[in-house]
Amino acid sequence: MNNVPAYICLKQQERRIGNHALVPIRYDDRFLIMKWRNEQIYHLRQNRPLTEDDQQRYFDTVVNRLYDNPHPDQILFSYLEKGACIGYGGLVHIDWTDRHAEISFIMDTRLESDHFAEHWSRYLTMLRKVAFDDLGLHKIYTYAFDLRPHLYTMLEENGFLREATLREHCLFNGTYKDVVIHSLWNDTYEVVDYTDCTLAQHREILALRNQDGVRQWMVHPELIAEDAHLSFVKSLQGNKDRLYYAVYKNGELMGTYNLSNEGNGIWERGIIAAPATQGKGETERWERQLLTSLPQRGIKTLTAKVKHENLRSLRYHQKLGFVETHRDNDNIYFKKEL
């Protein structure tokens with residue numbers, strides 16, 4: 001086995017964030033990995049402790065064949081901190097036809113209790129680049145025994161959606177446990193500033209905004225005429241305190257997003273989701289994409305208000321991490337720190 005292995009299916013062999021890196025799994029890390037797997041066997045699909053012979057055989061007969069395969073069924077990495085291995089994982093059960101893969105990750109057992117969240121989030125960020133930028137996969141997902149709820153929080157903060165729960169799917173210590181599946185899609189959303197939209201796009205945006213099922217939840221539910229809408233768009237030119245966006249996917253309008261500056265890095269956020277896309281997780285995915293870009297504009301905090309009776313929107317805001325601040329007779333008010 002080469003001292004510096006490389007996967008021929010990857011354009012970029014190493015992914016790095018600060019002092020941490022993902023590199024093709026290293027032969028010298030094999031017994032560390034075995035130790036961690038045996039210590040954490042409770043949450044792995046591993047039915048007995050591994051021996052050194054098991055691990056040696058696995059690296060010699062399985063891992064060594066992955067590097068020169070243009071379509072391996074798994075791609076494994078050593079996760080390094082300042083060059084030292086503190087975890088490992090990768091993409092497993094890769095389906096090259098449907099272009100999806102399961103995420104695998106395990107880290108030094110000593111770091112689990114106090115540092116799991118930071119390493120898990122950093123690892124997901126780097127692995128997502130491998131999956132989507134290098135391999136062009138459509139979807140990555142986790143398949144986890146319902147034993148570690150803290151796992152799900154970081155997945156959802158990194159844009160993963162809880163796609164399914166398989167009830168009583170695995171037997172653990174004599175008790176059946178659920179399996180929870182979280183997924184992330186390689187969606188490409190085009191975010192277009194209102195001032196850059198075509199006339200046809202503005203008519204489409206206005207038609208969405210004027211739908212009865214949309215207006216009923218608005219603070220100002222009156223119908224807007226086309227000339228009034230176009231005049232408003234013209235007023236946005238050069239206005240740094242108002243940001244209005246239309247979000248498209250494959251040419252289809254997903255929704256609109258608007259921000260109003262309240263000062264000190266606080267912006268009020270308004271959102272409209274196209275009714276045809278609701279219930280599919282689309283809105284959450286494209287808003288999370290937008291949220292990652294807002295701090296670059298100096299936006300530190302978002303506020304929002306939702307009518308009491310709009311239960312779908314209330315659940316949505318809570319899921320996205322908005323925190324209730326107060327209520328009045330008409331609305332519930334939220335904020336989210338970015």
Side-chain angles (χ1 to χ4, degrees), residues 116-118 120-121 124-125 149-162 182 184 189 191 193-194 205 208-222 224 232 235-236 239-247 254-275 277-338:
F116 177 82
E118 64 187 82
W120 182 223
S121 182
L124 288 172
T125 299
H150 59 292
L151 182 79
Y152 312 145
T153 301
M154 293 312 300
L155 282 168
E156 290 164 9
E157 288 185 6
N158 279 273
F160 285 74
L161 298 183
R162 186 165 179 152
H182 280 79
L184 181 70
Y189 295 103
V191 180
D193 192 292
Y194 268 32
I205 291 165
L208 170 61
R209 190 261 174 224
N210 280 342
Q211 286 186 33
D212 291 342
V214 172
R215 288 190 296 109
Q216 68 174 317
W217 303 116
M218 290 184 169
V219 176
H220 302 291
E222 64 276 1
I224 303 294
F232 169 73
S235 75
L236 294 175
N239 187 345
K240 296 181 179 180
D241 292 324
R242 302 291 295 276
L243 300 172
Y244 274 71
Y245 301 111
V247 181
M254 297 284 104
T256 65
Y257 204 74
N258 66 80
L259 298 158
S260 301
N261 191 358
E262 297 182 328
N264 298 317
I266 302 171
W267 291 64
E268 183 179 16
R269 181 285 251 131
I271 184 172
I272 296 174
T277 71
Q278 292 179 15
K280 301 177 182 178
E282 289 278 9
T283 308
E284 182 179 347
R285 295 205 289 274
W286 65 252
E287 180 163 17
R288 286 190 185 278
Q289 176 181 309
L290 270 167
L291 289 173
T292 61
S293 68
L294 298 183
Q296 301 168 20
R297 294 178 170 269
I299 299 174
K300 301 175 182 177
T301 305
L302 293 182
T303 64
K305 54 179 175 278
V306 180
K307 289 187 175 182
H308 287 273
E309 61 270 26
N310 193 349
L311 299 181
R312 179 196 290 265
S313 185
L314 291 174
R315 290 192 295 268
Y316 175 83
H317 281 75
Q318 291 163 354
K319 186 175 183 181
L320 211 63
F322 282 81
V323 177
E324 181 181 335
T325 57
H326 61 286
R327 302 183 177 210
D328 60 23
N329 290 335
D330 299 314
N331 301 303
I332 301 175
Y333 296 80
F334 292 91
K335 74 173 182 178
K336 178 178 176 63
E337 303 295 339
L338 300 178

Enquirer: Could I get the full list of ring-ring contact (aromatic ring centres under 6.0 Å, His included) partners for H220, not counting sequence neighbours?
Expert: none
Enquirer: Nearest 0.5 Å please: distance from the CD atom of E268 over to the OG atom of S260.
Expert: 6.0 Å
Enquirer: Any non-hydrogen side-chain atom of V247 less than 4.5 Å from a side-chain atom of Q289?
Expert: no
Enquirer: Do D193 and Y245 have side chains that get closer than 4.5 Å, going by heavy atoms?
Expert: yes
Enquirer: Going by heavy atoms in the side chains, are L320 and R288 under 4.5 Å from each other?
Expert: yes
Enquirer: Would you say the side chain of L294 lies within less than 4.5 Å of the side chain of W267, judging by non-hydrogen atoms?
Expert: no
Enquirer: Mind checking what makes salt bridge (charged side-chain N to carboxylate O under 4.0 Å, His left out) contact with E118, not counting sequence neighbours?
Expert: none
Enquirer: Please enumerate all residues that pass salt bridge (charged side-chain N to carboxylate O under 4.0 Å, His left out) together with R327, with sequence neighbours excluded.
Expert: E324
Enquirer: Could I get the full list of ring-ring contact (aromatic ring centres under 6.0 Å, His included) partners for F334, not counting sequence neighbours?
Expert: H317
Enquirer: Is L184 close to L155 at the side-chain level, that is, under 4.5 Å between some pair of heavy atoms?
Expert: no
Enquirer: Does the side chain to side chain contact (heavy atoms under 4.5 Å, CB included) test come out yes or no for T153 and W120, once each step is laid out?
Expert: CA-CA 11 Å; T153 301; W120 182 223; over 6 Å; no
Enquirer: Working to the nearest 0.5 Å, report the span between CE of M254 and CG of L208.
Expert: 10.5 Å
Enquirer: If you take all heavy atoms of R312 and G279, which pair is closest and at what distance?
Expert: NH1-N, 3.9 Å
Enquirer: Would you compute the distance between atom CD1 of I299 and atom OG of S293 and round it to the nearest 0.5 angstrom?
Expert: 8.0 Å
Enquirer: How about K240 and N261: do any of their side-chain heavy atoms sit closer than 4.5 Å?
Expert: no
Enquirer: Side-chain contact, heavy-atom cut-off 4.5 Å: N258 with R242?
Expert: no
Enquirer: Using only atom types and a distance under 3.5 Å, with no angle test, would you say the side chain of K307 pairs donor to acceptor with the backbone of M218?
Expert: yes
Enquirer: Would you please test Y316 and V306 for side chain to side chain contact (heavy atoms under 4.5 Å, CB included) and show each step?
Expert: CA-CA 10 Å; Y316 175 83; V306 180; over 6 Å; no
Enquirer: I266: which residues meet the side chain to side chain contact (heavy atoms under 4.5 Å, CB included) condition with it, sequence neighbours left out?
Expert: E262, T301, T303
Enquirer: Looking only at atom types and distance, does a side-chain atom of T325 sit under 3.5 Å from a main-chain N or O of Y333, one as donor and one as acceptor?
Expert: yes
Enquirer: If you apply the rule side chain to side chain contact (heavy atoms under 4.5 Å, CB included), what do you find for L259 with L302, and how did you get there?
Expert: CA-CA 9 Å; L259 298 158; L302 293 182; 3.6 Å; yes
Enquirer: Determine the interplanar angle of the Y244 and F232 rings, folded into 0 to 90°, and report it as parallel if under 30°, tilted if 30 to 60°, perpendicular if over 60°.
Expert: perpendicular
Enquirer: Does I224 offer a backbone N or O that forms a donor-acceptor pair with the side chain of N210 under 3.5 Å?
Expert: yes
Enquirer: Go through R269 and E287 one step at a time and tell me if the side chain to side chain contact (heavy atoms under 4.5 Å, CB included) criterion holds.
Expert: CA-CA 11 Å; R269 181 285 251 131; E287 180 163 17; 3.0 Å; yes
Enquirer: Residues two or more places apart in sequence or in another chain: which of them pass side chain to side chain contact (heavy atoms under 4.5 Å, CB included) with R162?
Expert: Y152, E156, T165, V180, H182
Enquirer: Output the distance between atom CZ (R215) and atom CZ (R209), rounded to the nearest 0.5 Å.
Expert: 7.0 Å
Enquirer: Would you say that F160 contacts L124 through its side chain, given a criterion of any heavy-atom pair below 4.5 Å between the two side chains?
Expert: yes
